[in-house]
Amino acid sequence: MSLPELSLLGIAITIIYTSQGSYGITEPLQAALGFSLIGFISTNYLIPKLSSSFIKIGLYGKDLSKPNKPVIPESLGSVAATSYLFVMFFFIPFLFIKYLVTNTTGGGNRDDGITQIRDSDLDRFPHDKLAGYLSAILCLESTVLLGIADDLFDIRWRHKFFLPAIAAIPLLIVYYVDFGITHVLIPKFLESWFPQGQTTIELGWLYYIYMSSVAIFCPNSINILAGVNGLEVGQSIIIALLILINDLIFLVSGSFPARESHLFSICLIIPFLGVSLALLKFNWWPSKVFVGDTYCYFAGMVFAIVGILGHFSKTLLLFFIPQIFNFIYSLPQLINSIPCPRHRLPKFNPEDGLMYPSMVDYTQPTTKQLKPWITQTLELLSILKLVKLEKDIKTGRIIKNSNFTLINLILVWFGPLREDKLTLIILGLQFLIGVFAIFIRHTIGPWVFGYDNLWLTNII
Ligand code: UD1
Ligand code: MG
């Protein structure tokens, strides 16, 4: 390890050590910062050390958007994910130390602990919080396992699509036991449609289906908004920052239970940012490593976990607006109404070094031809500037259309761009939409629903 790395490690250990001073609310946050730094240092140290080993076992990919398509190690996101899991194991005693010292019989202050438990049930060790935390780690381990399997064997979409929902079962059980709320608020302007006094709709088990869908959507949607250097990890960092901003708003001005759930979210997000920033250092244009599907699933699942266990899964979806758009926009290709090539990433032009929209080419004999109603829809989308078409000059027949991804659409709108600029535009867009969503969530949201859990004692 170099001197700067050792100094950073010293700072991280000091931050963690001094976090035990008082038992206030800032204490787990301070420990989270320290562990985040350790996550950053270990990921930053391990990636260059392990890269050649990944290539040796065949985990590499061609950087398709560079001259000569260099081969670089793939799936280094698994190093970030593993660092995160290890850091989160070491974090456990620091998260619960105040209860271990004063509230249990095994924490070194036996008599005091026993008295407090007798005096008040509220002082009991928070098994519910530990269960939530452990279920999160369990869920992430299954997700990382799925990601590594996918990077090794390139599992088919139809086989891997639903697996995140199975990984999320421990979370849903904890949600059921600890929280169990399965109703949604009715917007004020719709209340007249419902019986007098009804302000919520009970969804019952459908709410669990909805949460499973969140667990499926978050990992997969990050994985399909991909293909330019730095985008997978960059978008994950932006989403994590947006979650953090929203959490901090609740921490400063939220009601008690909401503050607790958002504190849980912060404790998971801050170390996530540490490992992700180290990964971004190597994945940013021009990439030295690829993150692999492992990272996309892992990052998406971290967000699903904080959304579900932090009880803000609906707000979370506001931070996924570009991914939701990309998913809906991709649907014609995902369901194969329009041919979907193995790679839909933009096309690199070695002559000017810029990225252009990649196209489906119907002049190739292997490409499935379009049905007439789809051709007409494409014409309409082209008028709306939602797709780029190329036509046969003589017959006017569509011979090419741009692939249906947000990345290609940005190129249709902005014209050809260098790869890093393209990534920056998408990340900027994600951040602006997210900040706007937070603003709407805390201004128009309470006005529409007549309710916000900032400064209030009830929980959603
Ligand atoms: C998803 C997308 C696919 C896109 C791919 C890019 C869907 C349905 N699937 O597939 O269209 O092409 O991600 O990750 O939308 N690569 C680069 N530069 C990068 C990142 C990736 O050239 O910055 C290439 C490399 O060859 C790398 C490969 O993409 O080896 C990784 O693809 P993979 O993550 O396995 O693709 P999918 O997630 O299956
Ligand atoms: Mg991928």
Side-chain angles (χ1 to χ4, degrees), residues 51 54-55 58-78 81 143-144 146-161 163-164 216-236 279-280 282-301 322-348 350 355 357-360 402-409 411 417-424 426-427:
S51 288
F54 275 67
I55 293 197
L59 277 174
Y60 55 79
K62 281 186 183 167
D63 194 343
L64 302 169
S65 310
K66 303 287 175 305
N68 306 324
K69 299 192 172 73
V71 164
I72 59 176
E74 179 115 37
S75 195
L76 267 294
S78 57
T143 307
V144 169
L146 164 67
I148 292 177
D150 194 20
D151 280 333
L152 285 173
F153 304 109
D154 223 348
I155 306 174
R156 288 184 169 194
W157 276 89
R158 63 170 176 272
H159 294 148
K160 67 185 178 190
F161 191 76
L163 291 179
I216 293 175
F217 176 76
C218 293
N220 283 306
S221 67
I222 292 177
N223 192 27
I224 63 167
L225 186 55
V228 282
N229 289 182
L231 186 56
E232 287 120 311
V233 59
Q235 66 184 294
S236 306
L279 184 60
L280 184 66
F282 297 95
N283 182 240
W284 189 253
W285 183 87
S287 291
K288 293 183 194 70
V289 305
F290 284 138
V291 301
D293 291 348
T294 310
Y295 179 80
C296 301
Y297 296 151
F298 156 70
M301 198 51 106
Q323 286 72 16
I324 294 172
F325 175 85
N326 187 52
F327 174 72
I328 295 171
Y329 185 58
S330 292
L331 271 176
Q333 288 195 297
L334 297 181
I335 61 171
N336 253 310
S337 295
I338 290 173
C340 185
R342 167 70 183 87
H343 281 293
R344 302 191 295 162
L345 50 85
K347 195 169 164 20
F348 174 70
M355 309 291 285
S358 58
M359 312 289 277
V360 182
S402 54
N403 278 305
F404 282 77
T405 68
L406 176 63
I407 312 176
N408 285 309
L409 190 59
L411 291 169
L417 290 166
R418 207 174 74 178
E419 195 176 3
D420 56 336
K421 293 225 176 79
L422 175 57
T423 309
L424 277 173
I426 299 170
L427 297 187

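Quantities reported herein were computed from a predicted structural model and do not represent experimental measurements. Along the sequence shown, residues are numbered consecutively beginning with 1. Hydrogens, waters and symmetry mates play no part in the numbers below; they use all other heavy atoms, side chains included. Counting starts at 1 for both ligands and their atoms, in listed order.
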Going by heavy-atom distance to atom 6 (C) of ligand 1, choose the closest among Pro341, Ser330, Gly227. Gly227
Is there a side-chain contact between Asn403 and Gln333, using heavy atoms and a 4.5 Å cut-off? yes
What's the separation between atom CG in Asp293 and atom NZ in Lys160, rounded to the nearest 0.5 Å? 5.0 Å
When you measure from atom 10 (O) of ligand 1 to each heavy atom in Glu232, Arg342, His343, which option holds the nearest one? Arg342
Closest to atom 20 (C) of ligand 1 among Tyr297, Phe290, Tyr60, Trp157 (heavy-atom distance): Phe290
Which residue supplies the protein heavy atom nearest to atom 22 (O) of ligand 1, what is that atom called, and how far is it? Leu64 N, 3.0 Å
Any luck finding a side-chain donor-acceptor pair between Asn223 and Glu232 under 3.5 Å? no
Can you spot which of Asn220, Leu406, Leu225, Ile224 makes a side chain to side chain contact (heavy atoms under 4.5 Å, CB included) with Phe327? Ile224
Please check if atom OH in Tyr60 has more than 12 non-hydrogen atoms from other residues, nucleotides or ligands closer than 6.0 Å. no
For Gly61, take its heavy atoms, then give the atoms of ligand 1 lying under 4.0 Å from any of them. 30 (O)
Would you mind reporting whether Val228 and Pro346 have side-chain heavy atoms less than 4.5 Å apart? yes
Provide, to 0.1 Å, the distance between atom 24 (C) of ligand 1 and the closest protein heavy atom, together with that atom's residue and name. Leu345 CD2, 3.9 Å
Going by atom types alone, do Asn229 and Lys66 pair a side-chain donor with an acceptor below 3.5 Å? yes
Would you say the side-chain atoms of Ser402 pair up with the backbone N or O of Asn408, donor to acceptor, closer than 3.5 Å? no
So what's near the Mg ion (ligand 2), protein N, O or S atoms under 2.8 Å? Asn223 OD1, Asp293 OD1
Among Asp63, Asn223, Val71, Ile224, the residue with a heavy atom nearest to atom 13 (O) of ligand 1 is Asn223
Could you check atom 34 (O) of ligand 1 against the protein and tell me its nearest heavy-atom contact, residue, atom and distance included? Asp293 OD1, 2.9 Å
Below 4.0 Å from any atom of ligand 1, is there a heavy atom belonging to Gln333? no
Using heavy-atom distances only, which candidate in Arg344, Lys62, Glu74 approaches atom 11 (O) of ligand 1 most closely? Arg344
Interatomic distance, Asp151 atom CG to Thr294 atom OG1 [nearest 0.5 angstrom]: 3.5 Å
Within 6.0 Å of CG in Asn68, more than 12 heavy atoms from elsewhere: no
Are any side-chain N or O atoms of Ser330 and backbone N or O atoms of Phe404, one a donor and one an acceptor, separated by less than 3.5 Å? yes
